[in-house]
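Working notes, structure below.
Just so it is clear, the structure is predicted and the values come from calculations on it, not from any experiment. Because only heavy atoms are used, hydrogens play no part in the values below, and waters and symmetry mates are left out as well, while side chains stay in.
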Amino acid sequence: MGRVSLDTGVGDGSVDADVLAELFYPVFELLFDPDGDFVGDVERKLAEARMPDQVEMYVSRALGAGLLVGGLLWALGTLVGFGVFSLGLIDASSLSLGIPAPTPAIRELLRSLVVPTAVLISGLVFGSIGFALGFGGLVAIPYSRASERKREINLLLADSVSFMYALSVGGLNQLEILRSMAEAEDTYGEVSREFQSIVNETEYFGTDYRNAIRQQSMETPSDELSQFLADMLSIVNSGGNMEGFLKDKKEKHLRTSKQEREMTLETLELFGEMYMTLSLFPLLLIIILVIMGMMGEADDRLLYATVYALIPLTGVGFLVLVSTVKQDEPGDGYLHPKGGSERLQQTSEEGLLHFGLIEGFVGRFDVFDRIRDREGTYKTKQIVSAPQLFLRDNPLYTLALTVPAAVAIVAIAAVTGNAPITFDGWVARPVWSAFVWVYVPAYLVMTPLAVFHEWNQRSKRAITGKLSESLRKLSSANDTGQTLLESVETVAATSTGQLAEEFEVIHAKVNYGMGLRDALVEFNNKYAVPRLARTVKLISEAQEASSQITDVLTTAAQASENQDDIERDRISQTRMQVAIIVMTYITLLGVMAILQTQFIEVMGGLTSQAESAGGGAGGGPSFGGGGVEPDVLSMLFFHAVTLQAVLSGFISGYIRNADIISGVKFAVILMTLALGVWIYVG
C-alpha cells in the first residue's frame, strides 16, 4: 500500500472507527482484485490527493455508500413505478413492445406481465442511478482533489523554482533548500506540501532524502513537478551544480508558465463563441413558443420554464464550464513567516476583531487590557471618520449595510402598497414591479460593492503596476555594491507613485529598529496580492543570507515581467470575449424589444378587436390560444432580459479577472440598459 504522509490530516475517519468500510469489506473482496488496475489507480489518486485512507477501506466505504443509496432509490423507484399504474396515470394497455402473440392466451399473458416488468425496470433504473451516485461520488473525490492539486502545483511551479534558485544563490545547501521550501506553505501552497512530504520522510522515518525525492516524484499529481524532482535527483546523485540546474529550470518553467496561460486564453476565446450560441437558444425557443401559442398548440408552462429555469441554468452552466478552464491566482497573498518577531506575528493577524500587537500582551498586566480597550475605541473612530477607506480595503463589508437597507425598502414598499404583491399586480405594471422588487435592491447592494471593489483593485494595481520596474532598479542599485536597504532607499528617492512611498515606509521602519524581513512582510500583508507575496518571499528569504542578492533581484524582476506579459495578453484576449458577450446580450435585448413593440402590441390590439366583435362574451379568440395574454408575455420578456443581464454581467467579470465579484459592475450596467429600453418599449 502507498505510504501515508504525516501532514495530510484530511482523511474521512480512522479505519477502526469506519464501520461502513468494515461491513462492506467482504463485498470489496468479492468484486475487486486488490492488485487490479482499478484499485491501483484509486490508490495512486489517494496518494496524489494526500488522503491517508487505505485503498481497500476507501473502496469498501464507497461500495457501502453505493449499495445503501442504490437500495433506497431502488425502493423509491419501485414505489413510483407501482404508484404510476395504481393511480391510473399510465394505462397498462397503452404500453406495448410490438411482440407478436400467436394465440390470445399468450397475448393475455404478455399483457399481465406489463405492469410487473415496468415496475421492475423502474426499480432497477433508480437503483442503478443511486449506486452510481453513491459509489461514483466517493470514488471521484480523490480524483477531483488530485486534479485540483495538480492545477495549483503547475501554476506555482515556476515561482517555486525561482525561490529555490534564490536560496541556492544565498548559499544554502540541498537539504536547507528542501526544508525552506517545505516551510513556505503560506506562499507556494501545494508545491510546498509536496516538499513537506520529502522532509517528513527524512526527519521522522529516517529515509534517505534521495529516496524521499524519488518516492515523491512518483506520487505527485503534477507531471511537471515529477520531472523536476527526477532531474533534481540526478543532479544530487551526480554531485552537479545545483545553482546552475535551478537557474536553467527557472527559465524553462517561466516559459512553460507563459505558454500554458496562452493556451488557456485560446480556450476562453472558443468559449466566448460558444456562449453566443448558447445564450441565443432561449430567445429562439421563446419565439417558437409564442408562435405556437398563437396557433393554440403551446403549453404556457413551457414559456415560464424557459424564462425562469432555462435561462438561469444556461448561464450558470456556462459559468461552471468557464471555471474549469479559467485559472485564478492561488493563495490569499498573506505571509506568515516562522520565527518572526512578536510584532510581526500579531500584525499579520490584525483585522476587524484583532487589534494587532497589543493582543500578544493582553492578560499580563491590567495596563495592557486597558490599552486594548482603547485600541478598539481608536480603530472604531478611524472607521467612523473614514469609512470609505475601510470599505475600500474590505469591499464585502458593504453588504452588511446595503442588504438590510434593501430588505427594509422593499418591505416598506410592500406594506404601503407601492410594490405589487400579486401576480395580477405584476402583470398590470411589469416595469414598476420589477423595478421595486429587483432593480432597487440590486442597485443598493451591487453598486457600492462594485465601486469599492474596483477601488480596491485599483489600489493593488498601483503597487503591481510598477513592481517589475522597481525590481530592476533594486537589482541595478544592489549590483553597484549597495546593501538591499540602501537600494530600497535609492529606488524610493528616484521613483514616484504608491510603491515608492511604500519603499520609503520600509526604509523608515528599518531605521527605527524593525528587521528588514519584518518590514517587507508588513508591506506585503497590507495589500495581500499573491503575486506580490511570492516576490516578497523571494527577496526576504534571500536577504537573510546576504545583502548582495543581485541575481535574486534579477530573478524576481524576470518573474514579475513574465507575469506582466501574461497579464497584458489576458487583458487583450478577454476584452474581446467580454465584447462578444455584451454584444450578444444587446442583440438579444434588441430582438426582445422588437417583439414587444412590433408583435405583442399588434397582437394585443387584434385580441381587443376580436373580443369587441364577439360582444365581450367570449366570441373572439384570445391571443395565444394557450391562455398567455399579451401583458403576461410582456412581463415574461422583461424578466428574461433582466435575468440574462445579470448572468451575462457575472460571466463577463469572471472571464475578465477570474473573480465573480468583478462581474458586479457589468451586471449593473447591463441591467440599467435593460431597464432603460423597457421603460421606453414596455
Side-chain angles (χ1 to χ4, degrees), residues 10-46 49 51 53-99 101 106-147 301 305 309-310 312-313 316-317 320-321 324:
V10 293
D12 297 321
S14 65
V15 177
D16 293 336
D18 197 343
V19 179
L20 186 64
E22 292 177 352
L23 286 175
F24 286 90
Y25 183 74
V27 182
F28 165 80
E29 291 184 311
L30 180 65
L31 296 179
F32 294 100
D33 178 8
D35 298 322
D37 292 338
F38 174 76
V39 176
D41 195 39
V42 174
E43 182 180 20
R44 187 179 72 254
K45 290 302 177 182
L46 286 171
M51 297 172 64
D53 304 78
Q54 291 185 358
V55 63
E56 294 92 344
M57 292 294 102
Y58 191 83
V59 176
S60 299
R61 186 188 309 123
L63 280 172
L67 291 174
L68 290 177
V69 176
L72 290 175
L73 286 187
W74 170 81
L76 177 63
T78 303
L79 186 62
V80 169
F82 183 75
V84 164
F85 291 101
S86 299
L87 298 176
L89 299 178
I90 296 179
D91 187 3
S93 61
S94 64
L95 301 178
S96 174
L97 292 177
I99 300 176
I106 295 178
R107 185 182 303 111
E108 290 300 324
L109 177 62
L110 291 175
R111 286 180 179 177
S112 64
L113 293 176
V114 167
V115 174
T117 303
V119 172
L120 178 63
I121 293 175
S122 174
L124 289 176
V125 170
F126 275 74
S128 300
I129 294 173
F131 179 79
L133 291 175
F135 179 75
L138 273 183
V139 171
I141 290 176
Y143 286 83
S144 176
R145 292 186 183 180
S147 177
R301 290 176 294 184
L310 182 60
L313 288 176
V316 172
V320 172
L321 182 64
T324 61

### Task
Please examine the side chains of L120 and L124, heavy atoms only from C-beta on, and report whether any two atoms are closer than 4.5 Å.
yes
### Query
What distance do F28 atom CZ and M57 atom CE have between them, rounded to the nearest 0.5 Å?
8.0 Å
### Task
Compare all side-chain heavy atoms of V42 with those of Y143 and state whether any distance is below 4.5 angstrom.
yes
### Message
For D33, is the CG atom crowded, meaning more than 12 foreign heavy atoms sit under 6.0 Å from it?
### Response
yes
### Query
Could you state the interatomic distance from CZ (F131) to CG (L63), rounded to the nearest 0.5 Å?
5.5 Å
### Task
Would you mind reporting whether F38 and V139 have side-chain heavy atoms less than 4.5 Å apart?
yes
### Message
Nearest 0.5 Å, please: how far is CE in M51 from NZ in K45?
### Response
13.0 Å
### Query
Any idea which heavy atoms bring L73 and F126 closest together, and the distance?
O-CB, 3.0 Å
### Query
Looking at S122 and G77, what are the two nearest heavy atoms and their distance?
OG-O, 2.7 Å
### Query
Just by distance, do the side chain of T78 and the backbone of W74 share a donor-acceptor pair under 3.5 Å?
yes
### Query
Do you know which two heavy atoms are closest between A146 and A49, and how far apart they sit?
N-CB, 3.9 Å
### Task
Flag the pair L72 / L68 as yes when at least one side-chain heavy-atom distance between them is below 4.5 Å, and no otherwise.
no
### Summary
Looking only at heavy atoms, the pair that brings L138 and A65 closest together is CD1-CB, 3.7 Å
### Residue pair R61 / L20: nearest heavy atoms and the distance that separates them
O-CD2, 3.8 Å
### Query
Given side chains that start at C-beta, do those of D37 and D41 come closer than 4.5 Å, heavy atoms only?
no
### Query
Is the backbone N or O of E43 less than 3.5 Å from a side-chain atom of Y58, with the two atoms forming a donor-acceptor pair by type?
no
### Query
Going from OG on S60 to CD on Q54, what distance comes out if it is rounded to the nearest 0.5 angstrom?
10.5 Å
